[in-house]
Amino acid sequence: MGNQQLINFTTCFHCGESCAIEILPYDHHSFCCKGCLTVYQLLSDNNLCSYYNLENAPGTQQLHPVLSSSYSYLDDEKIIQQLLTYKDENIARVIFFIPTMHCSSCIWLLEHIYKLDGGVTGARVQFMKKELHISYNPRQTSLRKIVTLLSRLGYEPAISLNDLEKRVQKDDNRKLIYQIGVAGFCFGNIMLISFPEYFGLDSFTKGSFSKLFGYINLILSLPVFFFSARDYFIAAWKGIRSKFISIDIPLALGILVMFVRSTYEVVSGHGIGWFDTHAGLVFFLLIGKWFQQKTFDTLSFERDYKSYFPIAVTVLRDNSETTLPVTSLSIGDRILIRNNELIPADAILLKGDAHIDFSFVTGESDPMHKVLGEIIYAGGRQIGHTIELEVCKKVSQSYLTQLWNNEAFSKDQRSSIESFQQLVSRYFTLALLIIAFASAGWWLVMAPSLALNAFTAVLIIACPCALALSSPFALGTAMRILGKHQFYIKSPQVIEQLAHMDTIVFDKTGTLTQPSAASIHFHGKELSLVEKKLIASLVSQSIHPLSQKIKSFLVQSNLLSVSTLKETTGKGLSGTVDNHSISIGSAAFLNIPQAADDNLSTKVYIDIDNNLLGYFQVDHTYRKGLKEVTDLLRPTYEQYLLSGDNEKEKEKLIPYFKEENRLFFKQSPADKLFFIQQLQSTNKHVIMIGDGLNDAGALRAANVGISITESTSHFSPASDVIMSASMFDKLPTYLAFSKNTLKVIHASFIISLMYNIVGLSFAVQGTLSPLFAAILMPLSSVTVIVFTTISTTLLSRKGGLQ
Amino acid sequence: MQIEKFNYDNKIVRDFAIATMIFGVVGMLVGLLAAVQLYQPAANFGNQYTSFGRIRPLHTNAIIFAFVGNAIFMGVYYSLQRLCKARMFSDVLSKIHFWGWQIIILLAAISLPLGFTTSKEYAELEWPIDIMIAVVWVTFGINMIGTIIKRREKQMYVAIWFYIATFVTVAVLHIVNSIELPISLTKSYSVYAGVQDALVQWWYGHNAVAFFLTTPFLGMMYYFLPKAAGRPVYSYKLSILHFWSLIFLYIWAGPHHLLYSSLPDWAQSLGVVFSIMLIAPSWGGMVNGLLTLRGAWDKVRDEPILKMFAVGITAYGMATFEGPMLSLKNVNAVAHFTDWIVAHVHVGALGWNGLLTFAILYWIIPRIYNTTIYSKKLMNVHFWLATLGIVFYAIPMYWSGFTQGLMWKEFTEEGVLQYPEFLKITIQILPLHVLRSLGGTLYLAGFLILIYNIVKTIKQGSLVANEPAEAPALEKSTLFHKGEFWHSVLEKKPVTFTVLAIIMIVIGGVVEMLPTFLIKSNIPTIASVKPYTPLELQGRDIYIREGCNVCHSQQIRPFRSETERYMGEYSKAGEYVYDHPFLWGSKRTGPDLMRIGGKYPDSWHYHHMIDPRTMSPGSIMPRYPWLAEQDLDLTTTEKKLKAMQMLGVPYTNDEITNGNTDLDKQAAGISANLKKEGIVLESNKELVAVIAYLQRMGTDIKKSSGNN
Amino acid sequence: MSVMFILIGCSLLLALGFLSAFIWSVKSGQMDDDYTPSVRILFDDAPQSETPSDVTSLPKT
């Protein structure tokens, strides 16, 4: 027993997993599997062992050996061309996304990769993006070599059909940084140059400086006006052209007027103008923009089947294997699918026994067994031995991918609710213009000299800077907070959308049920240590997920060898271990008269030397807190359930959804999509919560699509929100929080409006000193920023989001 | 692929480290000596070369440029090579830099006690040395930028940015502030006069602190702290952010040193505003530093290096908070001229610069000698001594600062000064000065322990003069993104730096053309203010040589407490128009002298200079007997007058040619005056000139007010 | 106060210099990655890489 203890507590020197199955000692270290050991050997041979000094056990487990054959497609020139970001005869550059990258050791090893492959001329990690930028000499090494090497080290790059579409360098974010930098710089210096005026420069220097300072200011604010503020003018102009009054119009107007009038004043020597206010305004606005641009680097909200389908597949042409880009796969091609490879197109099974794991499609992880001649839909992953299929539909035509031909995808965004800011800014702008002209008119009568003065003053002071800042900062903060709680939102607007929803539609499999957390326990007489060892030895021979589950359930090491192994796919397996004949499998397999099987659990019976010891029961569970979630949401939201499966779970689900007519089964991806659209046609604002590719349509059609995923590095279909499954029970909190955020925006709007009224009251009288503006503008902006950020944070605290 | 093998130059690092330690001791010893003289005047050995007015500048220069300076170079040369994955650009430049700097220090150590000084704080060195400094500094810059250009690591770590900022800014500041018109090898006049000179000086003075004592150490903090803690800096984003904001703000905080002076109000307020804004970026650095240690406090407990970082950074936080507070007008009204400032400065110097330097020394030496530190225990002892030293130094100084500030302003109900006698207040605070020197001693003791510990460490290890390293060559051309039109200009790094270089040259050029158009500066002139007579001018230069301005201000602020105490109007900008350089001073160890003229008879000054205690018992002013013995050097008179004329002082040509005759006449008058009171002082002695100057000071206005 | 001209001039020129440096730094991608550099400096680059620095553990990200 003591020995047992010791075994359980040894962890792998490479990956830190417990050496449950076996222990491989080497160099006074122990390893959990061959894979880990080989990596270690590779590193130590090239004395890269600092890898292990930076962090302990930084590696990732290497259960499946990497067969370089699986990357043969990377020899295809066409594919290489598409993957590379740059290439000439002696340098090629490529960017890999590496999901398993997680610590400083990873950075260190990946950036020293050139020690393992002399052809690599440079390797840079962008840790936050989990990106590895590699440049190599195509004459000395090849893409395939590099990728194989990375995979062998446990850093398999995620290469998908998606990568073939050239990624567009999004430089606009960088442009914004330039604009902020320039605006900030000019703002700082203009402020510096303007203060003297406010501090009574002239009293001392008899105006000799004011002129100089005025002109310096003018020069300094040119870049602000023409470069930093550019986008506001463009936006405003677009708005006008499309007869749509957005906040940008008063902003642009304010900026423009401020600049023009200030220039006039300086040149004509009337005064120093509003240059500091002008620069400050632009600076603050840009900061707001930047703050709103929170992106979750490692997440992609735009994934479709492409970002998930392989680039290439092995095709049998007159009995010789060649790799072909899936895009050029045509009907009738015979394809080979190896273990863990994915079926790219609907195809008919010709050879081998197929266990297809459709978890990406349906969220259901237990493989389905397929018989020869059956059609296997694209998106399934083969578990087990190599199978041979014949393509019967083009990739783009397959059952699954058809979904993307639906107009829900072509028409770019469904009717989203008008944001509060848009709503307000319409009235605001109108009011503003009316006031401006009114005051101008009034002065024309009273004192024409002051008319223009008042008119411009109004436009300057009422420039809705604070208003424009309130949404970005409230929403940006909310985004960050939710992000901290693994509720990742595509864009700030989504939060505002969320606040308006009144209907929630759930997918079942993988969304409400929990594929991973199937619980397993043994029913029957207590198993002896020997029996455990026997069973473990047998199941360790099968890659069937159930076998794997059982193996990890009975933690055993130094397994025994198995003779006469016989696996009846989908049923069970039997064999002789250490002169005991053992059979493991379904009731049918051991022909046991079975009671009406209850739906959610699978039973695996154990028989050693023809006496039945009992069975392992593998239960699927609904996500924790499902009850609470549905109850909490019921008052505010209509809830529906859509499931691809048959109705067997209906009874179990009714307690959660109360009315039977809220549950829909046997729903095809398309059905789900139409269901959502139907709801919307009855003016419902719908949230769709799903996980699989089969929900992609619905997620896309819904006003807000939330895709739920076990781990953010996993696949998740296109959606507005990616939510970590572990946080499922928090859902009501998140939704409530989004509503509160909207309240904050409303409040902050009131504040900024009050500032505007104060300012206007001066402006209309034509008495608006630059100093006053210089104080009012930053003051209002800062108040709004502080107010929104703080109150949003406080609300999140109150809502239980720390 | 080509993995390039190369060596880091550790020898140069070692050399700077040793220089740091040597000059650290020297600087601190001189400081201690000065501190003792402040309650024990005799401690100057009755010797002109070690009198307070001369060794106080020696102390500040030794600490700032010799101790801290060498420490900066040590840290930069060590970290820059590793951050760039490249050896220094040129070993020759490194050597020139090292020896050049040490020679400068040596010259300073000689020239300052000899009384060759410009009187401008932290810029006392005379023009030949100024030129050397500029040259050596640029050598350093070329060496650094060269290294950066040939680096093998694409990303420039934030520390490097701080180093670059340091180099560029200090160069500009130094050049602009040291534009002088030479009279001889050892004497020059600032081209700026009075208020303008003051503004330039403190624009420099403040930024010298900012960019010599702060930015390079922030840079080093960002390298050595993570290294020592074995964890990345808390937020790299924040570090970048606060670097750029610091850069855009710092340059203008200077004028807060001149609050209530006759600097125009708007310039003062400008200084205040920017000083206040500075809190944000400064604290950005502190917070980032301390949070880096967050979660590693267990390590801090048993790693003295981290302890020193922690305390040092905290000191930085305190100083950078106190600074802006001090620049608030009402606080400044009390604090300025008092020991409070001394305390403030030393919290920064002893805490931030000192402790960080120690930590870095302890980190570097064992590594370049490929060994471990000789004794961790001694490190801990040092840490505690240093910390205690700071406490014992700062608290008494703050205390005496408040005392001075308040007692100077104290009025009785009847509305007369509570303590009209300046001396009374000075004597009040002497015990605190004793305590202060104790604190200094503790700190110095700690430093000696460091030296012992380091020497032992060096003994047990052996220098890895060339530390082998390897890194893949940095592939040229970052063809990743197309630049917009005006970025393409800055396509390659070298270009940026040439841009910076050009800017510096331009500045240099601007600066050379200065004097010409400086002359007609639009200071409101006062009719009755006249240039100094030749004798007074000579006296003024002796006043400068002896460093009187170190303890005596010449600037009466517009407070009743001061106009009462110094019996005269507050200072007007117009009174200084002929002052090259300005002598406002920044500390009142003794009373202000703006209105001393005509207050006492010549005889009083004579006795007071020979032995202050005969006139004012208990005074801590040193004796200046040698002034009565040394002959006044008349050969310079004409040159000086000419120079002044060039700088716009309205001396007529025959005034210049007859300079010495006028001088003799006035001198004879004074010595005759003294003879009446039975004092024998030949008219050709230096003291005569000094008396002449003292008696002239601030009298122009009195006249004018008398006349009209 | 004509000296103000020079001081302002210098300050502006300096600031301009830093602005151009800033622009270059953004342009050359210095700002692209705001985490990895802080880790990278912890690595040593001794040729026969034995124990690099005394890095212990980083917050796993």
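In what follows, chains carry the letters A, B, and so on, assigned in the order in which the sequence lines appear, proteins first and then strands, with residues in each chain numbered from 1.
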Exercise: identify the closest heavy-atom pair between B/Pro232 and C/Tyr35
CG-OH, 4.1 Å
Residues forming a ring-ring contact (aromatic ring centres under 6.0 Å, His included) with B/Phe162, sequence neighbours excluded:
B/Tyr222, B/His242, B/Phe243
Under a 4.5 Å heavy-atom cut-off, does chain C meet the side chain of B/Ala165, its backbone, both or neither?
both
Taken in chain and number order and not counting sequence neighbours, the residues that satisfy side-chain contact (heavy atoms from CB on, under 4.5 Å) with B/Leu238 are B/Ser235, B/Asn288
Here the gap from B/Lys237 atom NZ to C/Ser38 atom OG, rounded to the nearest 0.5 Å, amounts to 11.5 Å
Compare every heavy atom of B/Lys227 with every heavy atom of C/Phe43, then report the nearest pair and how far apart it is.
O-NZ, 3.8 Å
Starting at CD1 of C/Ile41, measure out to CD of B/Glu153 and round the result to the nearest 0.5 Å.
10.5 Å
Nearest 0.5 angstrom please: C/Ser25 OG to B/Ile160 CD1, how far?
12.5 Å
Kindly assign one of parallel, tilted or perpendicular to the pair B/Trp244 and C/Phe22, based on the angle between their ring planes and the thresholds 30° and 60°.
perpendicular
